[in-house]
Every structure is written in structure tokens, then in C-alpha cells.
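The residues of the chain are indexed from 1 along the displayed sequence. Every number for a ligand or one of its atoms is a count from 1 in the order of the listing.
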Amino acid sequence: MNELQMFQSQVSAFWPLKDAVAKYTFVTQRCKEISTSESMEGEPLSALCSPALVVDVDKVKRNAQRMMERCHQLGVQLRPHMKTHKTLECADIMTGGSRRCIVVSTMAEATFYADHGFDDILYAYSLPFDKVERCAALSERLDLFQVLLDHPDALERLRKRPLKGGRRWHVWLKLDCGNGRAGVLHSEPEALQLARAIAEADGVELTGVYAHCGNTYNCEGVEQIQAVAQETTSFTLQFMEKLKAVGISCRSSIGSTPSCSHPVPDMGKLSEVHPGNYVFYDVQQSVIGSCALEDVAVRVLTRVVGHCPHRNQLLIDCGWTGISLDGAGKLPSGYAMIEGHPDLKLLSMTQEHGRVEPISGPLDCSKYPIGSLLTLIPYHSCAAAAMHPVYHVHSEGRLMGKWTPTRGW
Ligand SMILES: Cc1ncc(COP(=O)(O)O)c(C=O)c1O
């Protein structure tokens with residue numbers, strides 16, 4: 001008995017007859033999903049079991065193309081970040097097929113991409129000491145594997161693990177230019193001291209200076225985004241001048257999706273930029289002003305699984321395991337936007353259930369039969385994508401295949 005037959009027999013033996021139509025629909029969809037992905041090609045999105053993360057490949061390509069053109073016009077190298085999707089297919093689209101010049105945020109991503117022919121990889125996470133050996137292995141294997149640090153102890157760790165084959169560690173210094181997360185504060189004398197120590201250390205090369213302007217996520221509108229982009233760029237360029245004054249030259253990189261969606265001309269004086277989320281975008285980016293809502297390439301499909309008129313609510317099959325809890329309290333529509341239903345709000349979620357209610361007024365349950373589909377536009381696509389083991393890719397609503405992300409750290 002194969003998986004499909006086993007599932008069918010389990011269903012007929014144990015499935016109670018109540019709500020037979022909804023359950024029949026569920027069973028046929030589940031059967032289709034089990035009976036291989038190829039058989040779903042060309043089918044509408046409604047053929048998928050929910051919750052499902054669906055990716056509009058045309059929008060992905062358009063978002064990627066626009067970023068490449070923007071960087072080309074600025075005269076700056078684009079080093080796209082892979083953290084949003086973590087797939088080979090999307091990485092190919094973002095690199096224009098070159099499979100070179102990417103940023104990753106985990107060693108799982110670094111290894112995954114290295115294993116599939118990618119090179120010139122920057123692991124842009126302040127060097128974790130438990131991963132030095134894995135970094136060394138990739139540095140000895142790839143043409144160009146680069147690490148990042150913001151503390152003298154991390155440099156010491158690298159010095160204590162010389163690379164084989166006459167290779168040198170390629171190191172980026174992480175600067176904090178106002179983001180307030182990792183990095184040495186750009187204005188502190190320690191920043192210049194650490195840059196000099198990296199440049200002078202045996203077996204180590206100062207490859208670049210990296211400042212992530214995640215503080216653009218506090219902005220609303222292009223003007224505010226560009227003010228933060230300008231500030232980060234200016235601080236970084238000033239730091240490059242200080243390096244030059246002591247005879248050190250290296251690359252420079254700043255970026256985030258908001259800043260790189262609306263770059264300021266001075267960003268053309270940098271060597272690189274490193275945005276990532278732009279390939280999918282999301283509701284958060286549209287609220288900040290990075291993109292239009294129509295640029296958002298991902299959705300989470302969900303179905304109505306319950307009517308609760310006594311609470312003026314619907315239940316859906318998307319809990320936080322389907323979209324994440326990112327975005328709490330940020331939108332009038334709750335944790336996501338419900339496409340085509342501006343009157344509805346995703347109020348709360350438990351692991352496998354979501355509660356939906358009208359933003360105001362009474363709910364007409366008959367408009368949302370059990371089993372009917374709702375489409376959620378995620379607040380934060382990186383978080384929503386991270387909840388899914390597979391993404392269903394479509395063009396104009398017809399399924400084309402699946403992308404499988406890497407996971408772990
Ligand atoms: C260190 C670092 N670099 C680059 C990026 C990419 O920025 P964005 O997601 O805004 O495109 C991120 C995102 O969190 C990041 O943490």
C-alpha cells in the first residue's frame with residue numbers, strides 16, 4: 001500500500017460523516033498533494049492544502065531586476081542577502097545566475113550555497129566562536145569566503161586558527177552607524193583600532209567595512225528612509241577616510257531593503273550594498289514606503305475551518321506556525337492583511353488556528369463558508385517564509401513547482 005492508498009483507507013475508516021462536503025474537499029486536496037508535486041503543475045492555487053506559502057515568481061523576478069538596475073545606475077555592486085528565502089532558485093534570480101557575491105546570515109545557508117556552486121559568500125554575522133572551524137573549512141574550500149567581526153577577541157580566535165594552503169582570512173569589520181544592534185560604534189576610537197588590528201594581523205586581511213542600516217525600519221516614507229540612508233552612508237564614508245589616513249584601503253557596504261529601494265546618490269561612493277528582503281517585500285515594507293503593496297510577492301493561503309457567531313469570529317487554519325507572530329499591534333488588520341477583505345482583521349493566533357473578525361460591525365458568516373480560501377499578505381515575509389518547509393511557486397495563479405529552503409544555523 002503506498003502513502004496515498006494508506007491515507008485514503010485511514011480516512012474512510014476513521015473520518016466522521018459530519019460536514020461531509022468540506023471533508024471531501026480536504027481529502028481530495030490532501031491526496032493531490034501526496035501524489036507528487038509534478039501533478040500539481042498548472043493547477044490553480046486553490047488545489048493546495050493550507051496553510052501554504054505561495055510565491056509569485058513574476059513579482060520576484062521584477063523585484064530582483066529593479067534592484068539590479070538601481071545598483072547598476074548608482075554604480076555600486078549588489079551583494080544580495082539570502083536570509084529572506086534561503087533557496088537556490090531565488091538566489092539564482094537575485095544574482096542574475098552568476099552564483100557569486102551573496103550575503104548569508106547562518107552557516108547553514110553558507111554551506112548550502114557553497115555545496116551548490118555559489119562562491120564569494122559573506123557570512124555577515126559577528127563571528128560566533130562555536131563556528132570558527134566551520135568558517136575555516138569554507139575559507140579553505142571556496143575561492144572567497146568572508147567573515148565579519150566586531151570584537152578584538154574574535155580576531156584573536158581567527159589568529160589562533162591559521163588557514164591551510166597559504167590562505168588568509170577575509171574579514172569585514174562590522175560598524176554600528178545608528179542601527180543599535182551588532183557592530184563597533186563608528187565614532188568610537190575602538191573602531192579604528194580594531195580595523196588597524198585586522199589589517200595588521202598575520203594571516204588575516206581587512207576586506208571591508210559593513211554597516212547594516214536596520215534603523216530604516218523605524219521610518220515612514222521616502223524622506224525619512226533617505227535621511228537614515230544618507231546618515232549611514234556618511235558615517236561609513238567618514239570612517240573610510242579615517243582608514244585612508246592611516247594607509248588602509250578596503251571595501252565598504254551598507255544597506256537594507258528600505259535604503260536600497262530608495263538609495264541616495266552618495267551610496268554610489270560605496271563599494272557594495274546588501275539588501276535582501278526586497279525580493280519578496282511584505283506589508284511592513286509597503287507601510288515603510290519601500291514598495292507598493294502590489295510588489296509583495298508572497299502570500300499565505302489559509303482556509304476557513306470554523307464559524308463562531310457567538311464571538312463574531314471566523315476560525316482559519318493558519319496559526320503562528322503558518323505566518324509567525326511578527327507584526328503584533330502594527331496593522332489595523334492585525335497580523336497580516338487579508339487580501340480583498342479590508343474589513344477583516346487577523347486578530348490572534350495559536351499554533352494551528354487563527355481568529356478573524358470584522359474591523360467593525362457584525363460578521364456575516366455566510367460570506368465565508370467552511371472550507372473557503374482566504375489569502376494573507378504577511379507583515380514580515382522573512383518571518384512568514386521561515387515557518388514553511390516548502391514554498392509553492394506560481395505564475396499568474398497557476399502552480400509551477402516548489403522551492404525548498406535550507407534551515408538551521
Ligand atoms: C546584517 C544584515 N545585512 C543585511 C540585511 C538585509 O536587509 P533587509 O532585510 O532590509 O533587506 C539584514 C537583514 O536583517 C541584516 O541583518
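- Under the side chain to side chain donor-acceptor pair (under 3.5 Å) test applied with N277, the options H85, Q284, Q285 reduce to a single match, Q285.
- Every pair tested for salt bridge (charged side-chain N to carboxylate O under 4.0 Å, His left out) that includes a residue from residues 212-236 fails, sequence neighbours excluded, so the list is empty.
- Relative ring orientation between H186 and F235 is described as parallel, the plane-to-plane angle staying below 30° on a 0-90° scale split at 30° and 60°.
- With E69 as the partner, the side chain to side chain donor-acceptor pair (under 3.5 Å) test is satisfied by one option alone out of Q65, R66, Q73, H72: Q65.
- Legend: salt bridge (charged side-chain N to carboxylate O under 4.0 Å, His left out) pairs involving residues 244-260, not counting sequence neighbours, sorted by first then second residue: R251-E272.
- Pairs of residues two or more places apart, or lying in two chains, that qualify as salt bridge (charged side-chain N to carboxylate O under 4.0 Å, His left out) and include a residue from residues 52-65 are R62-D295.
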Between the protein and ligand 1, are there any N or O atom pairs that come within less than 3.5 Å of each other, and if so, what are their names and distances?
from     : atom 1 : to   : atom 2 : distance (Å)
ligand 1 : 3 (N)  : Y210 : OH     : 2.6
ligand 1 : 9 (O)  : Y217 : OH     : 3.4
ligand 1 : 10 (O) : Y217 : OH     : 2.5
ligand 1 : 10 (O) : T257 : N      : 2.7
ligand 1 : 11 (O) : T257 : N      : 3.2
ligand 1 : 11 (O) : T257 : OG1    : 2.5
ligand 1 : 11 (O) : G276 : N      : 2.6
ligand 1 : 11 (O) : N277 : N      : 3.0
ligand 1 : 14 (O) : K83  : NZ     : 2.9
ligand 1 : 16 (O) : K83  : NZ     : 3.3
ligand 1 : 16 (O) : R181 : NH2    : 2.7

